[in-house]
Amino acid sequence: MKNKDYISSKSRFLTKATAIVLLIIIPFDFAKSNNILAIRIWPTQNYTRITFESNTELKYNQFSLNNPRRIILDLKEIKLNNILNQIATYIQNQDKYIKLIRIGQFDSKSVRIVFELKTKTNPHFFKIIPINKFNHRLVLNFYPYRNNNIENKKSLILSGKYKKNFLEKKIITNKKNTKIKPEKPIIIMIDPGHGGEDTGAIGKYKTLEKNIVLKIANHLNYLISKEPKMQSYMTRNNDIFIPLKTRIANAQKIQADLFISIHADAFINRSASGSSVFALSTKGATSNTARYLARIQNKSDLIGGINKSGDLYLDHTMIDLIQTATINDSLKFGNEVLKRISKINKLHKNKVDQAGFAVLRSPEIPSILVETAFISNLEEERKLNIKKFQQKIAESVLNGIKDYFFKGGKLRIKN
Ligand SMILES: [Zn+2]
């Protein structure tokens with residue numbers, strides 16, 4: 001703990017010579033001073049996320065106190081500025097976790113932010129290094145305290161916590177039984193790509209991939225809700241960032257039979273156009289485009305930022321062993337969807353491409369990634385914004401699902 005006495009007693013020892021040196025150093029220090037550039041808050045049903053963006057890596061301390069329940073964040077070597085001063089105004093009444101925020105210059109070198117909570121939360125703090133348009137970021141995620149309540153599957157608790165043992169146990173028990181009870185509906189996990197700070201691709205007229213794919217996904221979810229033998233869930237149903245592994249983990253949790261990730265393509269060359277469907281490949285990408293896409297889509301976690309503390313865990317070695325069988329099903333499934341989409345949009349490639357997409361890495365769920373159209377292409381950006389086109393994409397995916405099962409597509413092996 002530093003206090004003013006310490007600082008002033010130290011300053012008494014300064015000689016004239018050091019004072020001159022300080023004068024030279026000060027402008028340099030000032031130029032390098034830490035500054036908060038932006039604060040963004042994403043309140044959702046699942047968790048509230050706060051991002052502090054700064055020109056240098058932030059140093060901080062955090063602790064919690066009770067009565068009232070609160071989280072205290074001390075930002076080190078930082079001065080209050082206009083952006084920080086406004087933080088309290090960002091909190092909305094309907095925020096599920098944060099009641100109010102207080103802020104003040106704690107001492108000459110640190111700013112204290114107090115988050116008063118509405119309920120007991122599970123806070124996660126982590127930093128993200130600069131990437132793309134983002135500078136240094138410090139992320140605070142306020143998760144619900146309990147995360148094992150599967151009562152309400154529609155609002156999956158997306159805390160990113162997933163235990164290795166749980167997955168292993170699940171796979172072992174799944175192996176024992178291959179018959180599915182007829183009354184069980186086909187469960188489909190719809191995965192709208194990106195979300196929150198991760199906007200995905202951006203069109204010339206500022207169309208954001210994350211918004212378009214959510215609309216398509218919502219419509220698909222609606223269409224499936226009218227199907228008597230199908231049931232669907234979404235990895236996100238609002239503008240929120242969900243790590244790729246959490247998306248897979250949640251598909252596992254609901255025992256999904258199919259996993260459909262919905263995206264919109266982008267390429268440097270604006271003439272590139274058409275829809276494509278991808279399946280996972282463990283042996284690497286089947287084409288350069290597929291390799292390129294896998295690389296940019298997998299970057300989602302870097303952009304959105306994940307907590308690399310080790311609480312997200314999927315054993316890749318184990319997954320690879322079981323995966324090959326699923327890949328064949330994914331290809332069959334992808335093919336049916338591609339055929340249906342070819343009736344409403346031109347295809348970028350007329351066969352299912354394969355690439356190592358992180359989001360498709362689910363050991364026993366046939367999974368595909370649909371690149372609906374090129375958001376970077378002017379004509380397709382326009383189309384993607386049309387409600388009718390969004391609905392047609394969703395209908396094509398649903399019909400692809402039906403075709404796949406009609407032709408004997410395998411369901412995920414269940415208990
Ligand atoms: Zn995408």
Hey, are the side chains of [X] and [Y] touching, using non-hydrogen atoms and a 4.5 Å cut-off?
| X | Y | answer |
| --- | --- | --- |
| I240 | W42 | no |
| L220 | I188 | no |
| L73 | F125 | yes |
| D265 | S376 | no |
| H136 | P130 | yes |
| T51 | I128 | no |
| H348 | E371 | no |
| T235 | N250 | no |

Residues at least two apart in sequence or cross-chain that pass ring pair (Phe, Tyr, Trp, His ring centres under 6.0 Å) with F115, listed by chain then number, are F142
Sequence neighbours excluded, the answer for ring pair (Phe, Tyr, Trp, His ring centres under 6.0 Å) partners of Y90 is none
Report the distance from atom [atom1] of [X] to atom [atom2] of [Y], rounding to the nearest 0.5 Å.
| X | Y | atom1 | atom2 | result |
| --- | --- | --- | --- | --- |
| I98 | I41 | CD1 | CD1 | 6.0 Å |
| L223 | S225 | CG | OG | 7.5 Å |
| L384 | L208 | CG | CG | 12.0 Å |
| K346 | E380 | NZ | CD | 7.0 Å |
| N350 | S275 | CG | OG | 12.5 Å |
| N221 | L398 | CG | CG | 11.5 Å |

Looking only at atom types and distance, does a side-chain atom of [X] sit under 3.5 Å from a main-chain N or O of [Y], one as donor and one as acceptor?
| X | Y | result |
| --- | --- | --- |
| D239 | G196 | yes |
| R270 | L378 | no |
| S367 | I365 | yes |
| N269 | S271 | yes |
| T372 | H263 | yes |
| D353 | F278 | no |
| D107 | K109 | yes |

Got a sec, which residues hit side chain to side chain contact (heavy atoms under 4.5 Å, CB included) with [X], two or more places apart in sequence or on another chain?
| X | value |
| --- | --- |
| K79 | Q105 |
| I83 | I36, I39, N81 |
| N93 | none |
| A201 | E209, A266, I375 |

Sorted by chain and residue number, the side-chain hydrogen bond (donor to acceptor under 3.5 Å, both in side chains) partners of N218 (sequence neighbours excluded) come out as none
Applying side-chain hydrogen bond (donor to acceptor under 3.5 Å, both in side chains) to D74 and not counting sequence neighbours gives R112
Review point. Charged N to carboxylate O under 4.0 angstrom, R382 versus E379?
Key: yes
Here the side-chain hydrogen bond (donor to acceptor under 3.5 Å, both in side chains) pairs for residues 57-68, sequence neighbours left out, are E57-K127, K59-E77
ask   = Is a side-chain donor-acceptor pair under 3.5 Å present for K343 with N399?
value = no
Contacts satisfying ring pair (Phe, Tyr, Trp, His ring centres under 6.0 Å) that involve residues 211-230 (not counting sequence neighbours) are H219-Y222
Residues 92-104 vs salt bridge (Lys or Arg N to Asp or Glu O under 4.0 Å), sequence neighbours excluded, gives K99-E116, R102-E116
So salt bridge (Lys or Arg N to Asp or Glu O under 4.0 Å) across residues 393-405, not counting sequence neighbours, yields E227-K402, R340-D403
message: Go through it in stages, so that I can follow the logic: the residues are Y404 and D329, the test is side-chain contact (heavy atoms from CB on, under 4.5 Å), and I'd like the CA-CA distance, side-chain angles, deciding distance and then a yes or no.
response: CA-CA 9 Å; Y404 169 69; D329 294 310; 3.4 Å; yes
What pair of heavy atoms forms the shortest contact from [X] to [Y], and how long is it?
| X | Y | answer |
| --- | --- | --- |
| A251 | F259 | CB-CD1, 3.6 Å |
| E381 | K204 | OE1-N, 3.0 Å |
| L84 | I113 | CD2-CD1, 4.2 Å |
| R69 | K120 | NH1-N, 3.4 Å |
| K383 | N345 | NZ-OD1, 2.7 Å |
| R137 | R40 | CD-NH2, 3.9 Å |

message = Under the criterion side-chain contact (heavy atoms from CB on, under 4.5 Å), I'd like the reasoning laid out for L75 against L138: C-alpha separation, chi angles, the key distance, then a yes or no.
response = CA-CA 10 Å; L75 296 174; L138 171 66; 3.8 Å; yes
Could you give me the CA-CA distance, side-chain angles and deciding distance for F52 and L140, then say whether side-chain contact (heavy atoms from CB on, under 4.5 Å) is met?
CA-CA 8 Å; F52 294 91; L140 284 69; 3.6 Å; yes
**OP:** Would you please test E336 and K407 for salt bridge (charged side-chain N to carboxylate O under 4.0 Å, His left out) and show each step?
**Re:** CA-CA 10 Å; E336 297 304 334; K407 290 180 184 169; 3.1 Å; yes
- Message: Does F406 have more than 12 heavy atoms from other residues, nucleotides or ligands lying within 6.0 Å of its CZ?
- Response: no
message = N141 vs F126, test: side-chain contact (heavy atoms from CB on, under 4.5 Å). Steps then yes/no.
response = CA-CA 9 Å; N141 285 341; F126 59 98; 3.5 Å; yes
